[in-house]
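What follows is a set of notes on a single structure, which appears directly below.
Small disclaimer: the values here were computed from a predicted structure and weren't measured.
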Amino acid sequence: MKVAVLRFPGTNCEFDTQYAFEKLGHETALVWHEDETLPEATDLVVVPGGFSYGDYLRSGSIARFSPVMKAVKAYADNGGKVLGICNGFQILTEAGMLPGALKRNNNLHFISKYQNLCVVNNDNAFLNQCEKDEVLNIPIAHADGNYYIDDERLEKLEANGQVLLRYSDAEGNRVVVNGSVTSIAGVCNASKNVFGLMPHPERALEAILGSEDGIRMLKGFEA
């Protein structure tokens, strides 16, 4: 599998993401935000975490205008798979490629810790290696992870199986982490080829560091 990893000014998780996919045996290429095309034969585009343009305005609101995002949108419109992690999730919502928006955490503080997540839906490329209702342990690190969507669109997300992950305790019960609507931690688009989540699966590949649960998330794209 050939994975394209985007870089914006302020991105700081591109090398972690590159390491993760190369550890799983895949070819990777870093793509600068001013590029207008993606590498040929790309199988997956990853918009990694960081603080694009410093997030001095609303997170991801400037990065959405970078030239490379036109290529990413065209790639997704043709069925290509796109994964947004943390700031990447924020960028994809700002670009209109994923529903909803990310606001400041309800406690107004940056949160950095391991966090349990409950798998809500696994009928998609991202989570097909996980069991429905399985509880995963994945690090989170964000200030703007408070997912918002109105009631009408939330109902559609639920009906379409687009809610992928919720923050939970070790038994899978919902918990409030950052104020997200119904504790949502990750969603996908209606076509289920664009995915976004606030937690960092690329940081959960080594048992010695706390968790290997990110491996099955990323390996899902191999199927």
Side-chain angles (χ1 to χ4, degrees), residues 13 46-52 55 57-64 69 76 82-127 130 132-169 172-204 213-214 217:
C13 295
V46 181
V47 191
F51 298 89
S52 54
D55 282 351
L57 296 178
R58 192 173 60 250
S59 296
S61 62
I62 299 178
R64 61 165 291 196
M69 289 306 296
V82 179
L83 172 66
I85 303 171
C86 198
N87 191 223
F89 185 16
Q90 295 158 347
I91 293 169
L92 293 178
T93 58
E94 291 291 332
M97 295 175 63
L98 285 173
L102 279 308
K103 304 188 299 178
R104 186 59 55 93
N105 295 341
N106 60 344
N107 64 6
L108 303 182
H109 293 296
F110 188 90
I111 303 171
S112 180
K113 63 176 183 176
Y114 272 90
Q115 174 63 50
N116 289 126
L117 305 169
C118 183
V119 176
V120 180
N121 286 294
N122 64 352
D123 60 341
N124 56 79
F126 182 44
L127 296 176
C130 302
K132 192 173 184 298
D133 298 325
E134 181 178 359
V135 176
L136 307 175
N137 187 29
I138 303 287
I140 59 173
H142 58 249
D144 299 317
N146 184 351
Y147 183 78
Y148 175 78
I149 193 166
D150 60 61
D151 292 343
E152 181 179 350
R153 290 191 297 163
L154 175 60
E155 187 175 341
K156 290 181 180 178
L157 282 189
E158 299 276 12
N160 293 337
Q162 293 174 243
V163 177
L164 303 184
L165 297 162
R166 282 193 165 96
Y167 300 108
S168 77
D169 61 19
N173 303 303
R174 295 182 192 180
V175 297
V176 176
V177 171
N178 50 27
S180 291
V181 168
T182 67
S183 299
I184 288 175
V187 300
C188 66
N189 65 346
S191 299
K192 299 188 177 182
N193 66 314
V194 180
F195 310 89
L197 76 165
M198 289 310 298
H200 287 264
E202 80 281 9
R203 298 181 185 177
D213 287 347
M217 287 181 163

Atom of [X], atom of [Y] and distance for their closest heavy-atom approach:
X: Met198; Y: Gln90; answer: CE-NE2, 3.7 Å
X: Gly100; Y: Ile149; answer: N-CD1, 4.1 Å
X: Pro201; Y: Pro199; answer: CD-O, 3.2 Å
X: Ala76; Y: Val82; answer: CB-CG2, 4.0 Å
X: Leu117; Y: Ala185; answer: CD2-CB, 3.9 Å
X: Leu157; Y: Pro99; answer: CD2-CG, 3.6 Å

To the nearest 0.5 angstrom, please state how far the [atom1] atom of [X] sits from the [atom2] atom of [Y].
X: Leu165; Y: Cys188; atom1: CG; atom2: SG; value: 10.0 Å
X: Asn116; Y: Tyr167; atom1: CG; atom2: OH; value: 12.5 Å
X: His109; Y: Ile111; atom1: NE2; atom2: CD1; value: 9.5 Å
X: Leu102; Y: Cys86; atom1: CG; atom2: SG; value: 8.5 Å
X: Ser183; Y: Asn173; atom1: OG; atom2: CG; value: 10.5 Å
X: Met69; Y: Met97; atom1: CE; atom2: CE; value: 5.5 Å

Take Leu164 and Leu197, measure what side-chain contact (heavy atoms from CB on, under 4.5 Å) needs, and give me the verdict at the end.
CA-CA 9 Å; Leu164 303 184; Leu197 76 165; over 6 Å; no

Restricting to side chain to side chain donor-acceptor pair (under 3.5 Å), what partner residues turn up for [X], sequence neighbours left out?
X: Thr182; answer: Arg166
X: Glu134; answer: Arg216
X: Asn106; answer: none
X: Asn105; answer: none

Donor-acceptor under 3.5 Å (Asp169 side chain, Val175 main chain)
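Flag not set: sc Asp169 to bb Val175 has no pair under 3.5 Å.
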
Got a donor-acceptor contact below 3.5 angstrom from the Thr93 side chain to the Ala101 backbone?
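Checking the backbone N and O of Ala101 against the side chain of Thr93, no donor-acceptor pair under 3.5 Å is found.
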
Please list all pairs passing the side chain to side chain donor-acceptor pair (under 3.5 Å) test where one or both residues lie in residues 118-127, with sequence neighbours left out.
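Found Asp123-Lys192.
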
Can you give each donor-acceptor pair under 3.5 Å made by side-chain atoms of residues 137-145, sequence neighbours left out, with the distance rounded to 0.1 Å?
unit_1, atom_1, unit_2, atom_2, d
His142, NE2, Asn178, ND2, 3.0
Asp144, OD1, Arg104, NE, 2.5
Asp144, OD2, Ser59, OG, 2.6

Sequence neighbours excluded, which residues qualify as side chain to side chain contact (heavy atoms under 4.5 Å, CB included) partners of Ala63?
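Here the qualifying residues are Phe8, Ser52, Tyr53, Ile91.
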
Test of understanding: with side chain to side chain contact (heavy atoms under 4.5 Å, CB included), list the residues that count as partners of Asp150, not counting sequence neighbours.
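Asp150 satisfies side chain to side chain contact (heavy atoms under 4.5 Å, CB included) with Tyr148, Glu152, Arg153 once adjacent residues are dropped.
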
Evaluate the side-chain proximity of [Y] to [X]: yes if any heavy-atom separation is below 4.5 Å, no if none is.
X: Pro48; Y: Glu202; value: no
X: Lys103; Y: Arg58; value: no
X: Glu158; Y: Leu154; value: yes

Chi angles and distances behind the side-chain contact (heavy atoms from CB on, under 4.5 Å) call for Cys13, Ile85:
CA-CA 9 Å; Cys13 295; Ile85 303 171; over 6 Å; no

Please report the C-alpha distance between Met217 and Leu83 in whole Å, then the side-chain angles of each, then the deciding distance to 0.1 Å, and finally whether the side-chain contact (heavy atoms from CB on, under 4.5 Å) criterion is met.
CA-CA 11 Å; Met217 287 181 163; Leu83 172 66; over 6 Å; no

Kindly assign one of parallel, tilted or perpendicular to the pair Phe51 and Phe110, based on the angle between their ring planes and the thresholds 30° and 60°.
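If you compare the ring of Phe51 with that of Phe110, the planes turn out tilted.
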
Per the ring-ring contact (aromatic ring centres under 6.0 Å, His included) rule, what does the pair list look like for residues 180-204, sequence neighbours excluded?
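Matches after skipping sequence neighbours: Phe126-Phe195, Phe195-Phe221.
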
Listing request: all salt bridge (Lys or Arg N to Asp or Glu O under 4.0 Å) pairs with a residue in residues 108-119, at least two apart in sequence or in separate chains.
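Every candidate salt bridge (Lys or Arg N to Asp or Glu O under 4.0 Å) pair involving residues 108-119 fails, so no pair, neighbours aside, qualifies.
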
